[in-house]
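What follows is a set of notes on a single structure, which appears directly below.
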Protein chains: 2
Amino acid sequence: MTVRAVERALDILLCFLDRKDLTLTEISKVVSLNKSTVYRLLSSLEGKGFLIRNQETEKYRLGFRIWELSANLNRDHDPSVLLLPELVRLRDLVGETISLYVRDGMERVRIQAVESTESIRRVAPVGIRLPLSVGASSKILVAYGETTVVDQVLNDSGWPEGIAKPFYRQQIAEIKEKGFATSIEERETGTAAVSVPIFSRDKQLLMALSVSGPSNRLTIEKMKENLPIIKEAAQRMETMLP
Amino acid sequence: MTVRAVERALDILLCFLDRKDLTLTEISKVVSLNKSTVYRLLSSLEGKGFLIRNQETEKYRLGFRIWELSANLNRDHDPSVLLLPELVRLRDLVGETISLYVRDGMERVRIQAVESTESIRRVAPVGIRLPLSVGASSKILVAYGETTVVDQVLNDSGWPEGIAKPFYRQQIAEIKEKGFATSIEERETGTAAVSVPIFSRDKQLLMALSVSGPSNRLTIEKMKENLPIIKEAAQRMETMLP
DNA sequence: AAACGCGGTTTCACATAATGAAACCGTGGA
DNA sequence: TCCACGGTTTCATTATGTGAAACCGCGTTT
């Protein structure tokens, strides 16, 4: 009813969801296929421009056709457009700034934001890149990302010295269990945040939904009070994505 | 050496480079394959999230996985990032505003801009959508797009009444022959522009490179004087893309 | 210098997956 | 009621896709 070879090739493309460069052998292990099979599938993907191969490093990465295709669907499928009404609805309910973050390597990127109805000092612009080591949404992106992300973050050269790594690991485990993360003045003095994950239909982490505000207003009590509303909004957003 | 079924499936994906919604029968014709073959290939693409099918209209469109993959490569492959240095270099050479446009249906979208070093009145922001019926870059996107685009533009409900269709067809044919398009005060009073195409490695039109400025400064003579520089910059940009 | 290990590439025999023709089904129009 | 069309399923056929094995090049170890 379907075509097995095609599904194998697509599985290869999906290896690149959160990794930029992969060798033939790495791909072979990820998709559990014979390396000669993978070799031929890669040749087909490369020939049509969906992957490119770096001649020197022999690593593959996503090709230009992916961008070209995405340029066509961006307006209709971009979560920062699709989810905006729900972000506004949530902002009106909780009164603070609402943001969406995705992970890109060892950074998180703010892809959408709706600002608080209350007075605020300053909001970082959409498109900003922040380290993955601090902040509530960073913790969500680490906790629910691939299991290797924790180690990568801890080994990253940008790891802040004031945070004990074993403590961090424990935090991440607890966050995964609780389903949300908080931060109080971790990234910026006087600022607090609470964040929850947003998943795809096949339970892969897509992004982090974050509510942030001044720490004198967004207290732990206020976060707990609003947590059900935030989690419900995240679930609604999951249904709004294709 | 490669896998035929995979290449067929990728050909199906490439049907969506400039069309949003397609039926099984349309796809079958475009890729010249048996409809039962196409049916199974579509099932595989849909199953992995690369295409979605509208239950009511029975049309297929690109799925969420394309966006997810592109989110990974956007920073490294997005032309509006990659080509920025060359846009700045060209701006410094010709002194006027430089823009990149892509076609999206019956509109063109400005995906990048570097503003003039001279005084200017106002520049439309990146992301703006303009009709495909007027402007130099519109003509480039029509002339070098798929052959059906001319008819689509002419049949579009937004066609301006003051432009004779046979004259427009002749203009488009001439532009394709000359390799550039000009416009003087077509979209906005007092503004002129010259535009050239940027192609992919396999000679598909990717986008239009445009130089624009006030019509008293950017005269026909000035355009012709700068045309070799603009064409050379477009060729350099083609080599800067993956 | 020789042997070894590893990643990438090619070969080849084999089994089955992919294919396309034909039939079927549902729907809308004449 | 009949017909045309698009989508879906069936089935016989064979060409394709596969994986084991071998080969190649390169760097490392002995």
Side-chain angles (χ1 to χ4, degrees), chain A residues 1-65 73 146 148 152 242, chain B residues 1-65 73 146 148 152 242:
Chain A
M1 191 26 179
T2 57
V3 183
R4 184 181 69 164
V6 171
E7 290 173 340
R8 286 175 160 191
L10 299 176
D11 284 338
I12 289 175
L13 281 180
L14 294 175
C15 291
F16 293 89
L17 277 176
D18 50 16
R19 274 166 287 191
K20 279 200 194 310
D21 297 285
L22 287 162
T23 64
L24 177 142
T25 304
E26 287 166 339
I27 293 167
S28 176
K29 285 169 180 168
V30 172
V31 297
S32 304
L33 288 173
N34 190 282
K35 62 182 178 173
S36 59
T37 301
V38 173
Y39 189 83
R40 282 186 301 265
L41 293 170
L42 285 172
S43 293
S44 295
L45 289 163
E46 188 184 359
K48 292 288 178 181
F50 283 76
L51 290 178
I52 54 176
R53 180 180 185 218
N54 185 310
Q55 297 282 13
E56 292 166 8
T57 64
E58 295 185 337
K59 290 193 173 194
Y60 292 85
R61 59 167 52 188
L62 289 172
F64 201 67
R65 290 299 199 192
L73 65 72
E146 298 223 329
T148 53
Q152 288 168 20
Chain B
M1 198 14 187
T2 56
V3 182
R4 185 182 68 161
V6 171
E7 290 173 341
R8 286 177 160 189
L10 299 176
D11 283 340
I12 288 175
L13 281 180
L14 294 174
C15 289
F16 292 92
L17 277 175
D18 49 16
R19 275 164 288 189
K20 279 203 195 305
D21 297 283
L22 287 163
T23 65
L24 178 143
T25 304
E26 286 166 341
I27 293 168
S28 178
K29 286 171 180 167
V30 171
V31 297
S32 304
L33 288 172
N34 190 281
K35 62 184 179 174
S36 58
T37 301
V38 173
Y39 189 82
R40 283 187 299 266
L41 294 169
L42 286 172
S43 293
S44 295
L45 289 163
E46 186 184 0
K48 292 288 180 183
F50 283 75
L51 290 178
I52 55 177
R53 180 181 185 215
N54 185 311
Q55 298 283 13
E56 292 165 7
T57 64
E58 294 186 340
K59 291 192 171 193
Y60 291 83
R61 58 167 52 188
L62 289 172
F64 199 67
R65 290 301 199 191
L73 65 73
E146 298 222 330
T148 53
Q152 287 168 19

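Note: hydrogens, waters and symmetry copies are ignored here, and every other heavy atom, side chains too, is used. Convention: sequence-line order gives letters A, B, ...; per-chain numbering from 1. Worth saying up front: this structure is predicted, and the values here are computed from it rather than measured.
- Atom CZ in Arg40(A) sits about 10 Å away from atom C1' in dT16(D), given to the nearest Å.
- Rounding to whole angstrom units, CG of residue Asn34(A) and P of dA13(C) are separated by 17 Å.
- Dashed line: the shortest gap from a side-chain N or O of Arg53(A) to OP1 or OP2 of dT9(C) is under 4.0 Å.
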**Prompt:** Going through the checks in order, is the side-chain contact (heavy atoms from CB on, under 4.5 Å) test met by Val38(A) and Arg8(A)?
**Reply:** CA-CA 9 Å; Val38(A) 173; Arg8(A) 286 175 160 191; over 6 Å; no
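- Taking atom NZ on Lys35(B) and atom P on dT10(D), their separation rounds to 15 Å, with Å as the unit.
- Here the CG-CD1 distance, from Leu45(B) to Ile52(B), works out to 13.0 Å after rounding to the nearest 0.5 Å.
- Contact annotation: Thr37(A) does not reach the phosphate of dT18(D) (side-chain N/O to OP1 or OP2, under 4.0 Å).
- If you take CD on Glu58(A) and CG on Leu24(A), they are separated by 9.5 Å, rounding to the nearest 0.5 Å.
- With hydrogens and angles ignored, a donor-acceptor pair closer than 3.5 Å exists between the side chain of Ser36(B) and the base of dG20(C).
- Counting non-hydrogen atoms under 4.0 angstrom, Ser28(A) reaches nothing in the nucleic acid.
- Phosphate proximity of dG8(C) to Tyr39(A): absent, as no side-chain N or O sits under 4.0 Å from OP1 or OP2.
- Checking Ala5(A) against Glu58(A), the closest nucleotide of DNA chain C that is more toward the 5' end is the one next to Glu58(A).
- Across the protein-nucleic acid pair, Arg8(A) atom CZ and dT16(D) atom C1' stand 13 Å apart, rounded to whole Å.
- Spacing between atom CD1 of Ile12(A) and atom P of dG17(D) amounts to 13 Å, rounded to whole angstrom units.
- Side chain of Thr2(B) to main chain of Arg40(A): no donor-acceptor pair is present (N/O by atom type, distance under 3.5 Å, no hydrogens or angles).
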**Asked** Would Leu62(B) and Leu13(B) count as a side-chain contact (heavy atoms from CB on, under 4.5 Å) if you check the C-alpha gap in whole Å, the side-chain angles of each, and the deciding distance to 0.1 Å?
**Response** CA-CA 8 Å; Leu62(B) 289 172; Leu13(B) 281 180; 4.1 Å; yes
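- For Thr23(A) against dG7(C), no side-chain N or O and base N or O form a donor-acceptor pair under 3.5 Å.
- Leu41(A) places its CG atom 14 Å from the P atom of dT9(C), with the value rounded to the nearest Å.
- Between the CD atom of Glu7(B) and the C1' atom of dG17(D) there is a distance of 13 Å, given to the nearest Å.
- The CG atom of Leu24(B) sits 16 Å away from the C1' atom of dT27(C) (whole-angstrom rounding).
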